[in-house]
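Pasting a structure here, questions to come.
Quick caveat, the model's predicted, so the values are computed rather than measured. Chain identifiers are assigned alphabetically (A, B, ...) following the order of the sequence lines, protein sequences preceding nucleic acid strands; residue numbering begins at 1 within each chain.
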Amino acid sequence: MKLVKVYVTLKDSVLDAQGEAIKSAINTMGYNQLTGVHMGKYFELNFSEDYENLEHDVDAICDELLANPNIETYHYEITEEA
Amino acid sequence: MKLVKVYVTLKDSVLDAQGEAIKSAINTMGYNQLTGVHMGKYFELNFSEDYENLEHDVDAICDELLANPNIETYHYEITEEA
Amino acid sequence: MKFAVVNFPGSNCDMDLYYAIKNGIKQEVELVDYRALSLEGFDGVLIPGGFSYGDYLRSGAIAAHVPIVKEIIRFADEGKLVLGICNGFQILTELGLLPGALIPNEKSRFICENVDLKVINNQTIFTRDYQASEIINIPVAHGEGRYYCDEATLMELKQNDQIVFQYQENINGSIDQIAGITNKQKNVLGMMPHPERALEKILGSDDGLKLFQSIINYQRVNN
Amino acid sequence: MPNKSSRVIAGPGEDAGILDIGDNQAVVFKAESHNHPSAVEPYQGAATGVGGIIRDIFSMGAQPIALLNSLKFGPLKNGQTKHLVNEVVAGIGGYGNCIGLPTVGGEISFESCYEHNPLVNAMCVGILNNTDFKHGTASGDKNLIVYVGAKTGRDGIHGATFASDEFTDTNNKQRSAVQVGNPFIEKLLMDACVEIIEKHSEWILGIQDMGAAGLVSSTAEMASKAGSGLVLNLDKVPQRETEMTAYEMMLSESQERMVLCVKPEYVENVLDFFRNFELDAVVIGQVTTDNRQYKIYHHDELVTDIPVDSLTEDVPEYDRPEKQPQRMIDDKNYHFVPEITSLKDTWMKMITRPNIASKKHFYQTYDSQVKANTLVRPGGDAGVVRIQGTKKAIAMTNDSNSKYVYLNPFVGGQITVMEAARNIVASGGLPIGVTDCLNYGNPENPEAFWELDKSVEGIATACEVLDTPVISGNVSLYNEYNDVAIYPSPMIGMVGLIEDIETLTTSAFKAADDLIYVIGQTADDFNGSELQMEQLGQLKGNLRDLDLKKEKLHLDIVRQAINQNLLASCHDLSEGGLAIALSKSAFENDLGFTVKTELSAAQMFSETQSRFLVSVKPENQGSFEKLVQEEFELLGRVTNNQQFTVTTRDTTFSLDEKLVKNDWKEAISCLMM
Ligand SMILES: Nc1ncnc2c1ncn2[C@@H]1O[C@H](COP(=O)(O)OP(=O)(O)O)[C@@H](O)[C@H]1O
């Protein structure tokens, strides 16, 4: 069994409205060393087994569904399920 | 400069409706080895410098803001900024 | 009575609630800025619907960190009346003044509809003018309205009669069809449906009127 | 197009048009297309379309009160289209719900020609309480230019030219220019702008949205209107990204930004005012009057120095060749003859056609009630929003039927306007003005240009008859994919005034025994109909000329009947004709009807224009029939047995209301699964 951890983040040039709002909230709470916040999505995908095309499939799933290629990029790690 | 990566996920007891929906979408796309999807949030926090209480502060920020303890758990990694 | 409607950046039902008090039940009402430090002189605090801070991160999460909230907590702790509607309910759970959490609707879609609610507890200061088990029609408009709490909390809610409204049809996947709850002391009510949008027949329903009337009638009897 | 009436305070050329509605109030509205951005990035494209049209309204000093939208997609057959639809609808809802404006009406339709070229048109309506306010100009030496709102990033560089680029397989990968909306910031910006204009209009000389082509367009336009020059310092512009070039900053289409022209003595007040809303507000330049030059400094260097007017007035004008489409010549005398073997089966099929089935699956994701002023929500003919503190209400609608325009651009253009008018009138409103989105293919193609030309002429003649000036609008060309154009698709946004909300009327039957009438004659009008699409699977033939006099007469009759309180319900007849109108009127209150007519089974689906379906309380029969004279047919009665019982010239049948309604309600949800 495989666990794939996918991280989807906004491209650098794209406005991160949520990150900005969170950053100013954290600064208001008094944590002034914080200089930036980026918010993204995190997915855990469980696969029943390893197979040859796993990586290829994960790419396809990310491209087509989990990430919006217009505004987001992604990366992932394939791990053994605990 | 420090980069803190925070992962927030739903507690197991909370039904992850979005994860379920994504799972069935992926299965519909034909990837049948996929057995589960969990959706969470991913944050990158930039700090201007390392300081003694950094870890303590990150805990506080997660507890008070980034995660809702009623439904979510979190973990994080503190890394050197690239 | 004199009410405060607390205005957070991104609240958008603040004026609806303001007019509900001013024209609907003809009481004194003031908008209070989220940066204000005092709720002195008010008899009740109303937290309106909307998208405070864009609902970014989680609905109500960022609003729970602005200056006025300390005062709202004090106000609630003193047993005074606090009502949170929609985003207001979300803020109250984020503040811990009400148990549980409001998470994305089961179908992950925003839903705007007039729905039937059942009045489960008509013994609160907010619901005295309703009949027990009365079915009322009130609009909902939310994307994150699925009420969630753990089993132990649900037991407690039931034992203490804290469940005030239930959906007749479970539109968003809420646990136990919960649409509105109070705290243990019953002075804080949070609900997803919008009674302030149901004060006139011409808008589709006036079933929300009794909620506001309950509050002033209670005050009248108890003063 | 006609742009004058006694109500017009501002017409085309401004961010939005303004119409007087009495009591020192005015209604302000405009529609805009966001077709290409939505094709490329559906959620953000649709969302920023809504954001942009809202800014056009509040930059006029008006308080936005409602939103509408008109959407066209390919058939709901493949996952790609469904995804597109879901994302566009989510983007519209996401922005409108968050900013807190009710979406009260609109339309969604599906035809093959939109598969790669979806149309996303959005409209915003606002109320102006300060009718004296002068907007959009930058005048007076030393007056200051103030930037307010979101920071500038590299969003949408080249967006304005990109928007009108023809789509082909090869450049559909062009994906760098995506703008992302932030409705939260826009909410703050909207509240601040409305308040500053209502309470402190003496502080400011002009205010303008930074729309397409960004800072350059907006500031140059303001200076040009005032006949002045301008000096800007780009180093002062709030920036989200580092190392932006002057060029990028000037052309950035970052959303949620405004420019103001402010009197120097009030500049601190203005900056403080916006900062109190937690918005960035900075002085970025000033007005000059010594010469009419547009000068920009960046890193202490003069990077631009050109005449202001060279940026705004030198719009190239084209005189293009045009030619009547060949299909119109070929099919001139073709008449589609439907075949109905079972009226009952056809009825059930028609009710589930995506263009006819309930759109609630989509519009229930829009908050239609926020602000607690919505009297008629989506699902009726026009959306209706009351004006607080008065007896008045505004009725509004978005309409287009591109199938008709495709078959006959001139008549189709007229029909589009009249269909909008019927929706307004059926709600109890008087049509007072129009905005449009003109969505077409490549105008360099002579046939496409002919379609554009003739349909605009049709729109103009219809507006003339109604005395509804076209006070704003927008054009979207090059809607083609691999050289296949969309149908010519003008969208009409119409606004009507309801003087007294007591006269508000809705399309739903109210009570059993009420009499059902159709106003207007029914003929064999099947070309361009939904029945033709159902049975023939394609559009073909010509349209009959529209009798504008008759149309106007029927509109006037219905208005009078409503004003005399004679109608229990009123619904315009559109796609699917009488059968569909009867069904929809019955659904809301779960009533039935018994109807007997000399029409043929097929004519139940004829789409003859200028017709209304009304119901009348029995005691009003005499007064009603006297008023309408011979322009009606009595069809039957409303019943409470939840049966649709219909006898035509050639057939009779009965259907269970619950069954029909269920299919109508569920059809779209089923297709979207
Ligand atoms: N995209 C939309 N946004 C808001 N309301 C919509 C939308 N699409 C349809 N509606 C609502 O549904 C109603 C019915 O639409 P439609 O099925 O086209 O019927 P009709 O031909 O009777 O206008 C519209 O008048 C409008 O109120």
Around A:Glu52, counting heavy atoms of other residues, nucleotides and ligands shown, do more than 12 lie under 6.0 Å from its CD?
-> no

To the nearest 0.5 Å, how far apart are CZ in B:Phe43 and OG1 in A:Thr9?
->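 Between B:Phe43 CZ and A:Thr9 OG1, I get 13.0 Å after rounding to 0.5 Å.
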
Who wins among B:Lys41, B:Lys5, B:Met1 for the most heavy-atom pairs under 4.5 Å with chain A?
->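 Greatest number of close heavy-atom pairs with chain A: B:Lys41.
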
If you tally heavy-atom pairs under 4.5 Å against chain B, which of A:Asn53, A:Thr35, A:Val37 wins?
->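 Heavy-atom pair counts peak at A:Thr35.
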
Max heavy-atom pair count under 4.5 Å with chain A, selected residue of B:Met39, B:Lys2, B:Glu49 = B:Met39

Could you look at B:Tyr31 and say if it's the side chain, the backbone, both or neither that has a heavy atom under 4.5 Å from chain A?
-> side chain

Taking everything shown except A:Glu64 itself, do over 12 heavy atoms lie less than 6.0 Å from its CD?
-> yes

Under a 4.5 Å heavy-atom cutoff, which of B:Leu34, B:Ile26, B:Asn46, B:Val6 has the most pairs with chain A?
-> B:Asn46

Kindly check if the number of other-residue, nucleotide or ligand heavy atoms within 6.0 Å of CG (B:Asn27) is above 12?
-> yes

Could you check if a side-chain atom of B:Leu45 sits within less than 4.5 angstrom of a side-chain atom of A:Ile22, using non-hydrogen atoms only?
->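 The answer is no, as the side chains (C-beta and beyond) never meet within the 4.5 Å cut-off.
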
Proximal component of B:Met29, with respect to chain A [non-hydrogen, under 4.5 Å] | side chain

Relative to chain A, which segment of B:Leu66 carries a heavy atom at a distance below 4.5 Å: side chain, backbone, both, or neither?
-> side chain

